[in-house]
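I have placed the structure first, in the form of structure tokens, so that the comments after it can refer back to it.
Reminder, nothing fancy here: chain letters follow the sequence lines and each chain counts from 1. Excluded from the calculations below are hydrogen atoms, water molecules and symmetry mates; all remaining heavy atoms, backbone and side chain alike, are included.
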Protein chains: 4
Amino acid sequence: MILEGALTVFSAQGFRGATIDQVAEAAGLSKPNVLYYFASKEDIYRSLLTGLLDMWLDPMRMIDPNGEPLAEIQRYVAAKLQMSRDYPRESRLFANEVLQGAPLLNEILGGQLRDMVDDKAGIFNGWIEAGRLAKVDPRHLIFSIWALTQHYADFETQVRAILGEEHDPYAEAQQFLSTLYDRLLAPDRG
Amino acid sequence: MILEGALTVFSAQGFRGATIDQVAEAAGLSKPNVLYYFASKEDIYRSLLTGLLDMWLDPMRMIDPNGEPLAEIQRYVAAKLQMSRDYPRESRLFANEVLQGAPLLNEILGGQLRDMVDDKAGIFNGWIEAGRLAKVDPRHLIFSIWALTQHYADFETQVRAILGEEHDPYAEAQQFLSTLYDRLLAPDRG
Amino acid sequence: MILEGALTVFSAQGFRGATIDQVAEAAGLSKPNVLYYFASKEDIYRSLLTGLLDMWLDPMRMIDPNGEPLAEIQRYVAAKLQMSRDYPRESRLFANEVLQGAPLLNEILGGQLRDMVDDKAGIFNGWIEAGRLAKVDPRHLIFSIWALTQHYADFETQVRAILGEEHDPYAEAQQFLSTLYDRLLAPDRG
Amino acid sequence: MILEGALTVFSAQGFRGATIDQVAEAAGLSKPNVLYYFASKEDIYRSLLTGLLDMWLDPMRMIDPNGEPLAEIQRYVAAKLQMSRDYPRESRLFANEVLQGAPLLNEILGGQLRDMVDDKAGIFNGWIEAGRLAKVDPRHLIFSIWALTQHYADFETQVRAILGEEHDPYAEAQQFLSTLYDRLLAPDRG
DNA sequence: TATGAATGAGCCTTCATTCAT
DNA sequence: TATGAATGAAGGCTCATTCAT
């Protein structure tokens with residue numbers, strides 16, 4: 001499918017760096033034939049981004065306000081990390097887009113995404129006030145989850161260069177992040 | 001200066017997205033004159049990357065094996081965050097490069113950088129064994145510092161879209177990260 | 001019908017400017033289906049031109065050697081002007097073709113059309129010699145009729161821009177041309 | 001010069017039919033070099049049209065309200081015919097543009113040109129009221145001059161095909177048109 | 001050093017035409 | 001007949017690079 005090939009190409013080269021020829025090649029089609037299905041290069045890119053957005057934000061949606069706070073957040077962290085492992089191209093696609101100022105996603109970032117973050121931040125604040133979660137800034141907590149999980153996809157080259165072949169970065173990261181959020185978020189006992 | 005303009009352009013557009021014309025314009029020179037000083041577009045880009053690398057890694061070099069562990073690490077975190085605030089273009093430049101597989105920096109990542117990380121990981125392990133630092137994977141600890149601090153520069157568009165105009169992301173981040181690493185790294189008392 | 005749509009498109013855009021897609025759209029067919037009936041774009045264009053040629057030259061054929069000279073010519077002028085009014089697309093189609101050097105019609109121009117003009121010129125000369133028509137070059141007389149009548153179709157945009165909405169160009173033109181050819185062609189009395 | 005080559009190409013092929021390659025070839029330059037001087041194909045075409053417009057309308061400007069009516073008009077006719085002979089490419093360029101609905105010149109036709117025609121029509125009407133010119137519609141008189149003179153440039157292919165090699169179309173046309181306008185415009189004596 | 005001019009290579013896109021059904 | 005799908009060949013335009021001065 002075209003979007004499959006486009007994902008590979010755009011995530012690896014960025015929008016400007018990618019060529020329709022590469023997308024066509026990756027999809028096993030001729031260049032004009034790709035443009036038979038999509039009006040333009042930008043149309044492919046846009047379809048890709050918006051088409052993947054929902055899936056990308058799915059883990060956050062699944063945070064359950066009625067769940068156990070630490071478990072919910074750890075589950076979210078684990079799900080995000082798993083997404084980085086399973087869908088690193090998607091992660092890099094979004095990273096590329098945001099890195100360059102999010103020319104296409106800007107409205108969504110300040111709209112749909114912001115709303116969703118506000119919603120979750122509200123939940124976290126509720127938990128904090130109830131003493132079920134340590135006091136931290138909920139939005140920066142979310143940023144930290146994004147940063148720490150997506151890092152393994154977006155900076156994979158660097159991670160692998162430093163760790164070498166023997167390591168399983170994601171398994172180690174899961175361990176590390178589990179510890180990190182336990183210690184950060186466990187409410188003070190006493 | 002040419003590299004100054006090139007930094008702005010390459011960090012905002014990526015290598016393929018940037019044009020020599022834009023670099024020349026940003027530097028106040030004509031295009032052929034830029035190419036009088038640099039042999040090619042790639043030469044500019046390479047000079048930029050390697051020229052900034054030392055500065056970029058400076059904060060890590062300053063971790064003092066003989067210092068107080070938590071203070072050293074918090075100082076490192078604060079320095080990295082400050083660099084994201086003061087040099088976001090540099091952060092994005094490196095992010096772009098690594099995101100696309102680090103075609104130019106690959107050797108350095110697996111060489112100089114890996115060595116430096118190994119060195120610091122050794123220090124951290126020493127501290128851990130001495131009971132002066134909580135037990136965490138030292139390399140992933142370093143990754144976490146990179147991810148959490150550079151996120152504010154690399155994903156600035158997203159951070160601002162979510163926080164809105166009123167917030168000072170870096171001040172809040174400093175607070176958050178300070179808490180995070182305190183809780184994560186304080187050795188078990190008792 | 002395909003040629004009906006093709007006439008609209010080719011007369012408005014010229015051969016190179018028209019696309020088979022536009023022709024197909026105008027005809028309510030799919031592009032491959034248009035090419036099922038016509039071998040190629042040029043084939044459509046050629047069929048259109050040659051198919052309309054006879055109709056286009058009909059008024060000239062109807063000049064009656066046995067008629068009253070002035071009346072015959074005035075009738076021809078009126079018929080040509082009426083054709084410009086009723087069939088402006090045809091007029092523009094031929095104008096486009098001739099303007100670009102008549103790549104397809106060249107042989108017809110120097111053959112069939114030239115013969116017909118020669119024939120009518122002979123008739124006019126007979127009338128002139130008989131003192132029934134003022135002495136003018138009969139071929140340039142024919143050119144003048146073509147130029148003056150087709151102008152209102154071919155340069156319609158300009159005519160309308162200059163006259164504005166209120167005018168009826170063709171009615172005025174009929175009046176003007178009637179006067180013109182009366183004065184030009186009435187044999188000297190006396 | 002580029003516009004020289006562009007004139008040849010655009011007048012012979014129309015805007016859509018012409019290619020930048022042809023313009024470049026006609027100008028003795030490479031294709032990108034043409035685009036070094038003009039921003040786009042349309043920019044070349046526009047420059048050509050607007051740059052030639054003043055020259056094209058010059059003969060009409062020279063009609064002298066204080067001159068002898070018939071002589072002024074005959075001079076205008078002769079000048080226009082001479083322009084068709086000397087600048088047939090310009091004539092065809094404008095014909096192509098107007099034929100296709102004057103997408104670029106439309107404003108000028110309804111503005112500057114219309115004003116000029118209105119002005120001259122006023123002069124003609126003055127002459128008519130003074131009994132120095134036969135009564136004819138002054139605007140259609142102007143259309144007739146355009147049609148009859150430009151015909152020899154725009155339909156040159158047809159004119160030559162019909163007249164054959166031996167004739168000098170323009171010399172004959174001058175004779176014919178001189179007679180035509182004398183008879184049309186001479187005020188009734190008596 | 002500095003730059004106006006020039007160009008080969010490449011990229012996005014269009015389009016006539018063909019293929020498969 | 002009819003059409004969705006496919007493509008080779010072009011054409012407009014960009015851009016890194018080179019040339020000439």
Where each residue is assigned the nucleotide of DNA chain E containing its nearest heavy atom, which of Asn33(B) and Ser40(A) is assigned the position nearer the 5′ end?
-> Asn33(B)
For Gln22(B), does the CD atom sit with more than 12 other heavy atoms under 6.0 Å from it, leaving out its own atoms?
-> yes
For DNA chain F, whose closest nucleotide is more 5', that of Asp21(D) or that of Glu42(B)?
-> Asp21(D)
Mind checking whether Gln112(D) and Leu53(D) have side chains closer than 4.5 Å, heavy atoms only?
-> yes
State, with a plain yes or no, whether a side-chain heavy atom of Leu105(D) is found less than 4.5 Å away from one of Phe94(D).
-> yes
Salt bridge flag under 4.0 Å for residues Lys31(B) and Glu25(B) = no
In terms of heavy-atom contacts, Leu99(C) and Leu99(D) come closest through CD2-CD2, 3.9 Å
To the nearest angstrom, how far is Ile2(D) atom CD1 from dT7(E) atom P?
-> 11 Å
Comparing Arg16(D) and Val34(D) on DNA chain E - which has the more 5′ nearest nucleotide | Val34(D)
Give Ala18(A) one of three labels, base, sugar-phosphate or nothing, depending on what nucleic acid heavy atoms sit under 4.0 Å from its own.
-> sugar-phosphate
Minimum-distance pair of heavy atoms, taken over all atoms of Ala27(C) and Met1(C) = CB-O, 4.1 Å
Separation of dG10(E) atom P from Lys41(A) atom NZ, nearest Å, is 15 Å
For dT1(E) versus dT21(F), give the span between their P atoms, rounded off to a whole number of Å.
-> 22 Å
Contact boundaries on DNA chain F for chain A, cut-off under 4.0 Å to non-hydrogen atoms = dG4(F) to dC15(F)
Bracket string, DNA chain E, 5' to 3' - pairs by Watson-Crick or G-U geometry under 3.5 Å, | interstrand | .||||||||||||||||||||
Smallest heavy-atom separation, Arg89(A) atom then Ser11(A) atom, equals O-CB, 3.2 Å
Find the distance Leu29(D):CG to dG8(E):P and express it as a whole number of Å.
-> 12 Å
Rounded interatomic separation in angstrom, taking NZ from Lys31(A) and C1' from dT14(E) = 12 Å
Which pair of heavy atoms, one from Phe10(A) and one from Asn96(A), lies closest together, and at what distance?
-> O-ND2, 3.9 Å
Which part of the nucleic acid does Leu35(A) contact within heavy-atom distance under 4.0 Å: base, sugar-phosphate only, or nothing?
-> base
Using the ring of each side chain (for Trp, its six-membered ring), is Tyr45(C) parallel, tilted or perpendicular to Phe15(C), with breaks at 30° and 60°?
-> tilted
